[in-house]
Amino acid sequence: MNSYVERVISELKEKNANEPEFIQAAEEVLSSISPIVDAHPEYEKAALLEKMVEPERTIEFRVPWVDDKGQTHVNRGYRVQFNGAIGPYKGGLRFAPSVNLSIMKFLGFEQTFKDSLTTLPMGGAKGGSDFDPNGKSDEEVKRFCQSFMLELYRHIGPSIDVPAGDLGVGGREIGYLFGMYRRICGNYENGVLTGKGRSYGGSRIRPEATGYGAVYYLQAVLKHENDSIEGKTVAVSGFGNVAWGVCKKLAEVGAKAVTLSGPDGYIYDPDGIATEEKINYMLVMRASGRNKVKDYADKFGVEFFPGQKPWGQKVDIIMPCATQNDVTLADAEKIAANGIKYYIEVANMPTTADALKFLMEKEGVIVAPSKAVNAGGVLVSGLEMSQNSERLSWSADEVNEKLQTIMTGIHDGSAKAAEEYGLGYDLVAGANLVAFQKVADAMMEQGI
Ligand code: 2IT
C-alpha cells in the first residue's frame, strides 16, 4: 500500500477512535485507491486525503417535540455536509434510535463517493436524528418533522444542500418537512428536498429507484458472467422501501426474492415475494409501524424464523437490503459454504469488514459494493432536482430509462477501471477508484 495512504489510515483510526462505522467506511475507500495516489505525489503536499476524511461541516442540534399526552421529548438532530466539491451537498435523512455521529459520518462519507458515481453534480451529506418513528402517531411524527426543520432550514437550499429520505424517513416525512420549510422561507423552492410526493414536484420512479437500480446493476453483473436473471432465487433482508423495490423488479424480470427480514427474524417464502398482493403487503407492514416481518408469515402462511437472519438459505443471489453490519463473518461463511456466487450489497455498508474481506478473497464469489449498487436512489433524486429546476416532469419511462442506462454505466465503468489497474473483475476497488478520481480532481482543481 502507498505509504501516504497508510499514514492517513493510521491517523484516521487515532483521531476517530470512538467512531467505528466511520473508520470502517473510510478505510475501505482509502485501501482501494493506492494506485491513483502512487501516480499523484502532489496529493500528499495538498493533504488531499486528510481533507477527504474530514467533513466540511458537521451540524448538531436540539429537536424538542411534544407527544400526544403533552409530554415534551428532546432528540438530537444532525447534518454532516461531508464534501461539496462536485455539487450541492446531497444525501438522505435517517430517523432511527441507532443514529449517532459515527453513523452520520460514515453515511456522509459513503454518500460523497456514491454521488460521484452517479455522474450527476452532487456532493455528499447525511443527516437525521435518534428519533424512533416506530410506534409514533401520525401527529407525533408531524410535530417531530416540523421541529427538526425549524433548525435544519437555515443550513439547506436547492443549491446548498438537498436532503432526502433514508431509514425511517419516507414520503410522509418528506411532505411534513417540505411543508414546514415552505412556511418558514415563504417561497416555493421545492428543489430543496427530494423524494417528494407527485403532487408537489416529486419524480416518477423515485420510490422504486434504489431497488430497481440495484436489480439493473445485478443484471449487468450477470451479463458480464454470461448468466441470466431468469429463474434466479434471491435472499433479501429488510422489508422497507429498498427491499420492496428489489422484490418488485425481480418479479418483473422473472426472478424471485424468497426471504425478507426484520428485527424479529426472517420469513422464507419458497413461491417468492412475487405477486402484487405480497409486494403491496410489504408497504402495509412498513406503514403499520409495528416493525415485525412475522406479520408476512401470519398473512401468507409461510415459515418464520424468530431471531435469525436469512443468510443460511441456499439461493442463487444474496441481496442485503436492511442496514449496516447485517452480514457477519459467520454469515459470510454460510454463504460461501452454500456455494453462492453473487453477493450484491444493497443497504449502505451491510457487511462487516471481516466478512467483506472473507467474501472478496473467496474464489468464485462476486462481490458488488453498496455505494455502486444502491446509487439508483440518489441518482433519481438528482433527476428530481433537474426536473424541479426546469419546472417540468418526465414520464416514468423517461426516468426509468435514464436510471437503467446510468446504473449499467456505473457497473461497466467500475469493471473497466479495475481492469485498467490490473485488478481483474474487482467491482469494490473499481467503484472506489472511479468515485475517488472525480472527487479528487474537483478538489485539486478548486484548491480546497
Ligand atoms: O443512501 C442514499 O443514497 C439515500 N438515502 C438517498 C439519498 C438521496 O439524496 O436521494
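Since the model is a prediction, treat every value here as computed from it, not as a measurement.
Aromatic rings of Tyr153 and Tyr181 (six-membered ring for Trp) have centroids beyond the 6.0 Å cut-off, not under it. A ring-centre distance under 6.0 Å is found for Tyr200 and Phe178. Residues Phe61 and Tyr78 keep their aromatic ring centres 6.0 Å or farther apart. Side-chain rings of Phe148 and Trp65 stay apart, their centers remaining 6.0 Å or farther from each other. Aromatic pair Phe144/Tyr176: ring centres not closer than 6.0 Å.
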Practice problem: Mind running side-chain contact (heavy atoms from CB on, under 4.5 Å) on Lys294 and Ile267 for me, showing each step along the way? | Solution: CA-CA 7 Å; Lys294 182 174 180 292; Ile267 64 98; 5.8 Å; no
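Atoms NZ and CD1, from Lys256 and Ile229 in turn, are 13.5 Å apart once rounded to the nearest 0.5 Å. For the atom pair CG (Leu379) and NZ (Lys90), the distance works out to 11.5 Å, reported to the nearest 0.5 Å.
Relative to the ring axis of Phe304, Lys292 does not place its NZ or CZ within 45° and under 6.0 Å from the centre. With a 6.0 Å cutoff to the six-membered ring centre and a 45° limit on the axis angle, Lys299 counts as a cation-pi contact of Tyr281. Cation-pi check for Lys402 over Trp394 is met; the charged atom lies under 6.0 angstrom from the ring centroid and within 45 degrees of its normal.
For CD of Glu276, the number of neighbouring non-hydrogen atoms (other residues, nucleotides, ligands) closer than 6.0 Å is 12 at most. Atom NZ of Lys136 has more than 12 heavy atoms from other residues, nucleotides or ligands within 6.0 Å.
Without hydrogens or angle criteria, Ser102 side chain to Glu21 main chain gives a donor-acceptor distance under 3.5 Å. The closest donor-acceptor contact from the side chain of Glu110 to the backbone of Leu107 lies at 3.5 Å or more, if one exists at all.
A heavy-atom distance below 4.5 Å is not found between the side chains of Pro158 and Pro88.
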